[in-house]
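A quick write-up on the structure given underneath.
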Amino acid sequence: MKKIAFVFTQVPHGSASGREGLDAVLATSALTEDIGLFFLSDGVLQLLPEQKPELIYSRNYIATFGVLALYDINRLYVCKASLAERGIGVDEKLLLDAERLSGDEMAERLADYDVVLTF
């Protein structure tokens with residue numbers, strides 16, 4: 001079975017990219033257990049708690065990230081540099097307990113996957 005990586009690079013609200021990516025992750029989990037989620041660039045903003053998308057009349061799909069453990073999706077990675085560039089501290093609580101990696105470490109982990117889908 002192929003190993004599939006999902007890379008989140010877009011802000012959470014304002015486009016459907018993050019929601020579509022999460023839907024794809026959940027659908028793919030029925031086919032394989034070899035799934036990894038990577039958050040880099042603006043995608044790290046997907047992991048900020050206490051977002052209020054209803055204020056811009058957007059659906060709160062971010063809460064759905066909480067069910068990933070039920071689907072046995074536990075390979076979660078976030079780019080430390082992307083967090084720092086957006087003013088998110090190293091000790092700041094994120095929505096998911098994602099492993100914080102350097103850019104080089106992210107590239108190494110991504111290289112282990114057969115398929116990489118970017119949202």
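Predicted model, so just to flag it, every value in this text is computed and none were measured.
Each of Val44, Val78, Leu47 was scored for a side-chain contact (heavy atoms from CB on, under 4.5 Å) with Ile88, with one residue passing: Val44.
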* To do: Show your reasoning for whether side chain to side chain contact (heavy atoms under 4.5 Å, CB included) applies to Gln10 and Phe119.
  => CA-CA 7 Å; Gln10 303 294 314; Phe119 292 89; 6.0 Å; no
* Please assess Leu45 against Gln51 for the test side chain to side chain contact (heavy atoms under 4.5 Å, CB included), listing each intermediate value before the final yes or no. => CA-CA 10 Å; Leu45 300 174; Gln51 298 184 35; 5.7 Å; no
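Of the possible polar contacts, none joining the Ser82 side chain to the Leu40 backbone as a donor-acceptor pair under 3.5 Å is found. Side chain of Thr64 to backbone of Leu22: no donor-acceptor contact under 3.5 angstrom is found. Side-chain atoms of Asp114 come within 3.5 Å of backbone atoms of Lys3 as a donor-acceptor pair (strictly under, hydrogens ignored).
Val115 is connected to Leu26 through a chain of hydrophobic side-chain contacts under 4.5 Å among Ile, Leu, Val, Met, Phe, Trp and Tyr, so both are in one cluster. Side-chain heavy atoms closer than 4.5 Å link hydrophobic residues (I, L, V, M, F, W, Y) into clusters, and following such links, possibly through other members, connects Val25 to Val67. No single ILVMFWY cluster, assembled from side-chain heavy atoms under 4.5 Å apart, contains both Val7 and Tyr71.
Minimum heavy-atom separation, Ser29 to Ile73: CB-CD1, 3.9 Å. Here the shortest heavy-atom pairing between Cys79 and Met106 reads N-CE, 3.9 Å. Across all non-hydrogen atoms, the minimal contact from Arg109 to Leu101 is CG-CD1, 3.8 Å. Nearest heavy-atom pair, Arg100 versus Val90, reported as atom, atom and distance to 0.1 Å: NH1-O, 2.8 Å. For Ala5 against Leu110, the heavy-atom pair with the smallest separation is CB-CD2, 3.7 Å.
Between the CG atom in Leu68 and the CG atom in Leu76 there is a gap of 6.5 Å [rounded to 0.5 Å]. A distance of 4.5 Å separates OH of Tyr113 from CZ of Phe38, quoted to the nearest 0.5 Å. To the nearest 0.5 Å, the span separating CD1 on Ile35 from CE on Met1 amounts to 10.5 Å. We find the CZ-OG distance between Phe8 and Ser41 to be 13.5 Å, quoted to the nearest 0.5 Å. Here the straight-line distance linking atom CD1 of Ile4 with atom CG of Leu117 works out to 6.5 Å at 0.5 Å rounding.
Donor-acceptor pairing under 3.5 Å is recorded for the side chains of Ser102 and Glu105. Residues Tyr61 and Gln46 have side chains that bring a donor and an acceptor to within less than 3.5 angstrom of each other.
The 12-atom threshold is not exceeded at CG of Asp97, counting heavy atoms of other residues, nucleotides or ligands nearer than 6.0 Å.
Note on residues 30-42: pairs passing salt bridge (Lys or Arg N to Asp or Glu O under 4.0 Å), not counting sequence neighbours, are Asp34-Arg75, Asp42-Arg86.
Under the 4.5 Å side-chain criterion, counting only non-hydrogen atoms from C-beta, Leu48 is in contact with Glu92.
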